[in-house]
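Below is one structure, written out as structure tokens; comments come after it.
We use all heavy atoms of the structure for the numbers below, so side chains are in, but hydrogens, waters and symmetry mates are not.
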Amino acid sequence: MTIYVGTQVDRCTFELEPRSRQRLNARRTDEGSLPRSVFIGCDTEQDCVQILGRDELRWTIAEILTGMEREELNQIGQVEFRDPTRNLALFDPAA
């Protein structure tokens, strides 16, 4: 599963990659809707970098976007955070 990360000077936006979202929706059995994106405001760009470096926060973002608990996410495979504009993985998924 891939989560796209967009960063600006004072914010980070997280969104499921479209194919990941399709696969997730195909697996879901409930009728509830999930957020399209998660936004985190920061005071500075450096604050955003520090926030993105926190493993627990990344798991929380993945849980919010998918509606799944960490154990469920582990069962379906790795969760990768990626900058779509540079096609660059931002974190080691095994970390």
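- Under the 4.5 Å side-chain heavy-atom criterion for ILVMFWY residues, no single connected hydrophobic cluster contains both F39 and L65.
- Closest non-hydrogen pair, R21 versus L34, comes out as NH2-O, 3.7 Å.
- Using a 4.5 Å cut-off on side-chain heavy atoms (C-beta onward), W59 and N74 make contact.
- Taking every heavy atom of both residues into account, D55 and R70 meet most closely at OD2-NH2, 3.6 Å.
- Remark: side-chain polar atoms of R58 are paired, donor with acceptor, to backbone N or O of G53 under 3.5 angstrom.
- Within the model, atoms CG of L73 and CD of Q78 stand 12.0 Å from one another, a figure rounded to the nearest 0.5 Å.
- In E69, the CD atom is not crowded: 12 or fewer heavy atoms of neighbouring residues, nucleotides or ligands sit closer than 6.0 Å.
- Side-chain contact check for E63 versus E72: every heavy-atom pair is 4.5 Å or farther apart.
- Taking each heavy atom of F14 and I3 in turn, the nearest pair found is CB-CG2, 4.0 Å.
- By the 4.5 Å heavy-atom criterion applied to side chains, M68 and L24 are counted as neighbours.
- Note that CG of N25 and OG1 of T66 are 11.0 Å apart. Values are rounded to the nearest 0.5 Å.
- For E17 (side chain) and R19 (main-chain N/O), a donor-acceptor pair under 3.5 Å exists by modelled atom type.
- Pairing each heavy atom of S20 with each of T2, the nearest pair is OG-N, 2.9 Å.
- Counting heavy atoms from C-beta on, the side chains of I61 and I40 come closer than 4.5 Å.
- Between P84 and V5, the shortest heavy-atom contact is CD-O, 3.5 Å.
- In this structure, I64 is a member of the same hydrophobic cluster as M1, with clusters built from ILVMFWY side-chain heavy atoms closer than 4.5 Å.
- A pairwise comparison of heavy atoms in D83 and T85 identifies OD1-OG1, 2.6 Å as the closest pair.
- You'll find the side chain of R54 stays beyond 4.5 Å of the side chain of Q50, heavy atoms only.
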